[in-house]
Amino acid sequence: MSRYTAAEIEHKWQQAWAKADTFKAVRDPSKPKYYVLEMFPYPSGKLHMGHVRNYTMGDVIARHKISTGHNVLHPMGFDAFGMPAENAAMAIGGHPKEWTYSNIDTMVDQMKPLGLSLDWSRMFATCDPEYYGQQQALFLDFLENDLVYRKNAIVNWDPVDMTVLANEQVEGGRGWRSGALVERRELTQWFFKISDHSEELLDALDTLENWPAKVRLMQENWIGRSRGLQFSFERTDAGEPITVYTTRPDTLMGASFVGISPDHPISKEMEADNPELATFLAECRKGGTTEEAIETAEKLGYDTGIRVKHPLNPDWELPVWIANFILMDYGTGAIFACPAHDQRDLDFCRKYDLPVIDTFFALDDAKPVENTAFVPLKSEKVKWVNHFAGLEEATGEEAINATIDLAESQGWGEGVTKFRLRDWGLSRQRYWGCPIPVVHCDACGVVPEKKENLPIELPDDVTFDKPGNPLDRHPTWRDCACPSCGAPAKRETDTMDTFVDSSWYFARFTAPRATTPTVAEDAAYWMNVDQYIGGIEHAILHLLYSRFFARAMHICGHLPESAKEPFDALFTQGMVTHAIFKNAERTDENGRAIYHYPAEIEDRDGGTFVKETGEKVTVIPSAKMSKSKNNVVDPVDIITSYGADTARWFVLSDSPPERDVEWTASGAEAAFKHLSRVHRIASDVATAEDGPHGSDEALLREMHKAIRDVTLGVESFGFNASIAKLYGFTNTLAKSKAGSAAKREATKTLAQLMAPMTPHLSEEIWQLLDGDGLIINAVWPAADEAMLVEANVTLPIQINGKRRAEISVPADLANEEIEKLVLAHETVTSRLEGAQPKKLIVVPGRIVNVVI
RNA sequence: GCCCGCGUGGUGGAAUGGUAGACACAGGGGACUUAAAAUCCCUAGGCCGAUGAGGCCGUGCCGGUUCGAAUCCGGCCGCGGGUACCA
């Protein structure tokens, strides 16, 4: 009997696929195409189990599609620009470029043994000048088509390091290296006009039927269409009126103040000659720029002394306050506050002792608001205190519409639709990114670089010993001739947000070496991505930006109209987690928790302990794998000890793909044992002599059921369900007394059904059983409907919703007959005690419920 | 703070309005073996009952809709993702 030697088998079949060029994607109009793509990785330097799971899922889809006659495109690349490379250069020296390319080499080496059906000839990294040069060309086309512009935007400023910080570099309001309190500072930045497409990006979500509903909902909320009233408050001092936007104009009678953002023009204007206000605004500008930091900051207010007139009652004056929770980016940067029906406003009014006026109550409870704002659903009816449009009982929605109508008819305001989505700021004050291809000329201003000068390559001779952008302090790189007048000019030193890189790589894969961003024929043939797979963490930004980019590329002629929504189907997979082992008895010298490697701990006496010291360990299950927690499982180790097929089988089994999967050593061991068993069974079947045997029917029926269920699982991302079915079918096969021909057929089918998950083992078994050619090229088996029909069904009998008995009946038995059988059943008669049931529900093929 | 998810045996999970716990791990028992490994077979939510028959409880918590709820609705608690310069 031959043993299952994964390393040998896997090497052999990877060579066979390579020799046959099995996965090279070539345009072929005679075949239906299928483009499957997993979100490409950041080259961190190490493949982790999350990658393995993600790519294995894509690989299952790709291999299954190959087996069903599709021309499959399944490429791989690297999202290679970004901060970690610069951080590494600062921390350990070296150059981001060398660090990145060496990481890519390592990761490719780690990926190849997985036996993925990738077309490696299409591989690229976004930091290849060949790629980012085309991205610069796209930028210039966007500029020409009015899709990019410059404006001021707020960044995190580290006043000690004199540099811009990313949000993740701000910890508790302080710069991560300097420890200085971070300030919000304005800078001129480049922006993509994504907000011009808000409505279109929102409405088109309805067409994305094969996207998870939750992702569409998240994008819908992110884009945030709202209808509200825009109007102006007249000032008592005859200054410029203050324009506000509100989604709750119906609560205008509950207004207690007008609030403006610290970044509002009025705030800035007053700041110049008011030191007290300047101090207040400086306080407001402390801390990071994230929405979270702003929303959770302690509420601060400053009374400007300005007074405005209430639009419905000119005698009613409202104070104008500057409030730190009002965002300049949303609406007009000014609001009116109705504390009774908005918790933030209420908190602010209680702090600064401003009036709280109820404008409506619940129908059954007219209690005035104290410290909890009354915020019913807009669809809920409420009782109005004194509604100017004459409403007494109405929903918020009705009241809002009535208010907008009234304002429009009286001419003091208008209903407007606004979006939460802001334009996409793409400038980064960093080295390791795609240079923005523009030049600053004293005479001509901002001038686009000429396309023939692309790519504008990053200089290699830079150092990272000082904070800030090395491009700024490079002695010569910035110097150039103005593309317009030829005079000496300076290059833009900002580089692009790495989200730009990942917003079109899927299109580039269709023609990765072209000297234009895309090639029309290739884009037309391969786009769209039929199945996109990636983490839920990209639900909003990456996917929304990519949807915008596809539209922008279409406008510039780089993608066909049909590719405006580039991803036909989306699947979001969960993370791979692993228990963490935290020392329960001590911390390190800095008071931080100590985490132990799995190899350092042991289970005994019903507890978990550190082997060496005997200290008690707290086991925290299902934690995201993270280097600092010492719970990272290295796929390379798994592949070395068990083989790629075991790793692939394990990450697909047990957990549904959209959920996190917990990596356990015992689970991997079990996967390996199972694959060995399949190999053993197949070897036995291959060498078995024909002799006396039982009926083939039971085995063949199970085989057809397996074909149906496994196929369904593979086609609907139910890989765990497919695998559970394959376990069952393997057991049936192992115990079967069928003849050798039937067993050979069943085993070959088993190999085919397993092939998307365990491609190497399946090829091996296929060869053992004299299958034709490679199993990857064999036609996917089809279930015979006739073999799936069951003669009898088991019907559970419930009494008052609780299962009490069951009967087996012919599958096509009429309901009346079933009723008779049920009423005659001993369990039912004894419970009824001669009485008639109140109700009898027969759900054909499923269940019977007797209500007593 | 706000938006979106998730919560089921000792463990990963199955069942998306119809038999809760498929399949697997760990556990227990047995076969084979001089022994071990490997393999194979059986067992398995909790409680009551006698180990049987049988009964009761049970899908984070509280309430509701339904003949019937893990599944739908409302409210809470906990965990995770996102929050526009992490990728």
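Keep in mind that the numbers below use all heavy atoms, side chains included, and drop hydrogens, waters and symmetry copies. Letters go in sequence order (proteins before strands), and every chain restarts at 1. The model shown is predicted, which means the values in this text are computed figures rather than measured ones.
- Among B:A20, B:G1, B:A14, the nucleotide with an atom closest to any side-chain atom of A:Glu291 is B:G1.
- Within the structure, every side-chain polar atom (N or O) of A:Lys214 is placed at least 4.0 Å from both OP1 and OP2 of B:C4.
- For the pair A:Leu840 CG and B:G18 C1', the computed distance is 14 Å after rounding to whole Å.
- The nearest heavy atom of RNA chain B to A:Lys673 and to A:Gly801 marks one nucleotide each, and the one closer to the 5' end goes with A:Lys673.
- Across B:U71 and B:G58, the matching P atoms stand 13 Å from one another, rounded to whole Å.
- Residue A:Arg804 places none of its side-chain N or O atoms closer than 4.0 Å to OP1 or OP2 of B:U19.
- As judged by a 4.0 angstrom heavy-atom cut-off over every strand, A:Val851 is placed among residues touching the sugar-phosphate backbone only.
- Within the 4.0 angstrom heavy-atom criterion, only backbone atoms of the sugar-phosphate kind lie near A:Asn731; the bases stay farther away.
- With both ends at atom C1', the span from B:A38 to B:G18 equals 44 Å, rounded to whole Å.
- Nearest nucleotide to the A:Leu541 side chain, out of B:A84, B:A14, B:U39: B:A84.
- Taking the six-membered ring for Trp, A:Tyr727 and A:Phe729 have ring centres at least 6.0 Å apart.
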Open item on the list: Please evaluate residues A:Gln169 and A:Asp158 with respect to the criterion side-chain contact (heavy atoms from CB on, under 4.5 Å), reporting the C-alpha separation (whole Å), side-chain torsions for both, the decisive distance (0.1 Å), and the verdict.
Closed with: CA-CA 10 Å; A:Gln169 295 173 318; A:Asp158 185 321; over 6 Å; no
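- The side chain of A:Leu217 approaches B:G5 more closely than any other nucleotide in the set B:G18, B:G5, B:C2.
- When each of B:A20, B:A84, B:A24 is scored by its nearest atom to the side-chain atoms of A:Tyr727, the top-ranked nucleotide is B:A24.
- Distance from the side chain of A:Glu168 is smallest for B:C86 among the nucleotides B:C86, B:C67, B:G1.
- Taking the P atom of each, B:G68 and B:U19 are spaced 15 Å apart, rounded to whole Å.
- The aromatic rings of A:Tyr55 and A:His51 lie parallel to each other, with less than 30° between the two planes, well short of the 60° mark.
- Within 4.0 Å (heavy atoms only), A:Gly425 reaches sugar-phosphate atoms of the nucleic acid but no base atom.
- Distance, A:Arg547 CZ to B:A84 C1': 16 Å, rounded to whole Å.
- The nearest heavy atom of RNA chain B to A:Met218 and to A:Val155 marks one nucleotide each, and the one closer to the 5' end goes with A:Met218.
- A:Gly728 comes within contact range of no nucleotide atom at all, as no heavy-atom separation falls under 4.0 Å.
- You'll find that the side chain of A:Ala670 is closest to B:A24, out of B:A87, B:G13, B:A24.
- Aromatic ring centres of A:Trp504 and A:Tyr131 lie closer together than 6.0 Å.
- In the interface, the side chain of A:Gln343 is not paired with the base of B:G1 through any donor and acceptor atom under 3.5 Å apart.
- Distances shown here put a side-chain N or O of A:Arg831 below 4.0 Å from the OP1 or OP2 atom of B:G55.
- Using a cut-off of 4.0 Å between Lys/Arg side-chain N and Asp/Glu carboxylate O, A:Asp423 and A:Lys193 are scored as not salt-bridged.
- Among the atoms of the strands shown, base atoms are found under 4.0 Å from some heavy atom of A:Trp222.
- Using Watson-Crick or G-U wobble geometry with both donor-acceptor distances under 3.5 Å, B:C86 finds no partner in any strand shown.
- Taking the six-membered ring where the residue is Trp, A:Trp424 and A:Phe548 present perpendicular rings, their angle passing 60° and hence far from 30°.
- Residue contacts shown for A:Lys735 are limited to sugar-phosphate atoms, with no base heavy atom under 4.0 Å away.
- One finds no side-chain N or O of A:Asn221 lying less than 4.0 angstrom from the OP1 or OP2 phosphate oxygen of B:G5.
- Comparing the C1' positions of B:G55 and B:C32 gives an interatomic distance of 41 Å, to the nearest angstrom.
- Following rounding to the nearest Å, A:Arg420 (CZ) and B:C4 (P) show an atom-to-atom distance of 11 Å.
- A cation-pi arrangement, defined by a distance under 6.0 Å to the six-membered ring centre and an angle within 45 degrees of its axis, is present between A:Lys299 and A:Phe325.
- The residue A:Arg846 sits close only to the backbone: its heavy atoms come under 4.0 Å of sugar-phosphate atoms, none of a base.
- Nucleotides B:G54 and B:G60 place their P atoms 29 Å apart, quoted to the nearest Å.
- The A:Arg803 side chain lies nearest to B:U19 when the options are B:U19, B:C2, B:G68.
- Using the Watson-Crick or G-U wobble rule with both distances under 3.5 Å, B:C79 pairs with B:G5.
- Note: A:Phe81 and A:Tyr132 meet the aromatic proximity criterion, with ring centroids under 6.0 Å apart.
- Comparing B:G9 with B:A70, their P atoms sit 14 Å apart, to the nearest whole Å.
- At the heavy-atom level, A:Asp329 lies nowhere under 4.0 Å from the strands shown.
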TODO: Walk me through it: do A:Arg248 and A:His341 pass the test side-chain contact (heavy atoms from CB on, under 4.5 Å)?
DONE: CA-CA 9 Å; A:Arg248 290 309 299 256; A:His341 308 296; over 6 Å; no
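- Between the C1' atom of B:A38 and the CD atom of A:Glu669 lies a distance of 11 Å, rounded to the nearest Å.
- Note on A:Ile797: nothing from the nucleic acid sits closer than 4.0 angstrom, heavy atoms only.
- Nucleotide B:C40: paired with B:G30 (Watson-Crick or G-U wobble, both distances less than 3.5 Å).
- Among B:G1, B:A14, B:C86, the nucleotide with an atom closest to any side-chain atom of A:Glu295 is B:G1.
- Taking side-chain N and O atoms only, A:Asn167 has a distance below 4.0 Å to OP1 or OP2 of B:A84.
- Residue contacts shown for A:Ile841 include a base, since a base heavy atom lies under 4.0 Å away.
- When the P atom is used for both B:A84 and B:A69, the distance is 44 Å, rounded to whole Å.
- At the heavy-atom level, A:His538 lies under 4.0 Å from base atoms of the strands shown.
- Side-chain proximity of A:Met83 to the nucleotides B:C25, B:C67, B:C86 is greatest for B:C86.
- With both ends at atom C1', the span from B:A22 to B:U59 equals 15 Å, rounded to whole Å.
- Pair assignment for B:G54: B:C48, on the basis of Watson-Crick or G-U wobble contacts that are both within less than 3.5 Å.
- Under the 90° criterion around 0 for the glycosidic angle, B:G9 counts as syn.
- A:Glu171 has no carboxylate O lying under 4.0 Å from a charged side-chain N of A:Arg174, or vice versa, which leaves the two without a salt bridge.
- Base-pair partner of B:A69: not found among the strands shown (Watson-Crick or G-U wobble, both distances under 3.5 Å).
- A:Gln429 comes within 4.0 angstrom of a nucleotide base, judged by non-hydrogen atoms across all strands.
- Across all strands, A:Gln189 comes closer than 4.0 Å to base atoms (heavy-atom distances).
- A:Ile847 has its CD1 atom 9 Å from the P atom of B:G18, to the nearest Å.
- Across the strands present, B:G10 finds its partner in B:C25; the criterion is a Watson-Crick or G-U wobble pair with both atom distances under 3.5 angstrom.
- Residue A:Ser427 is classed as a base contact, given a heavy-atom separation below 4.0 Å to a base.
- At the phosphate of B:A24, neither OP1 nor OP2 sits under 4.0 Å from any side-chain N or O atom of A:Ser653.
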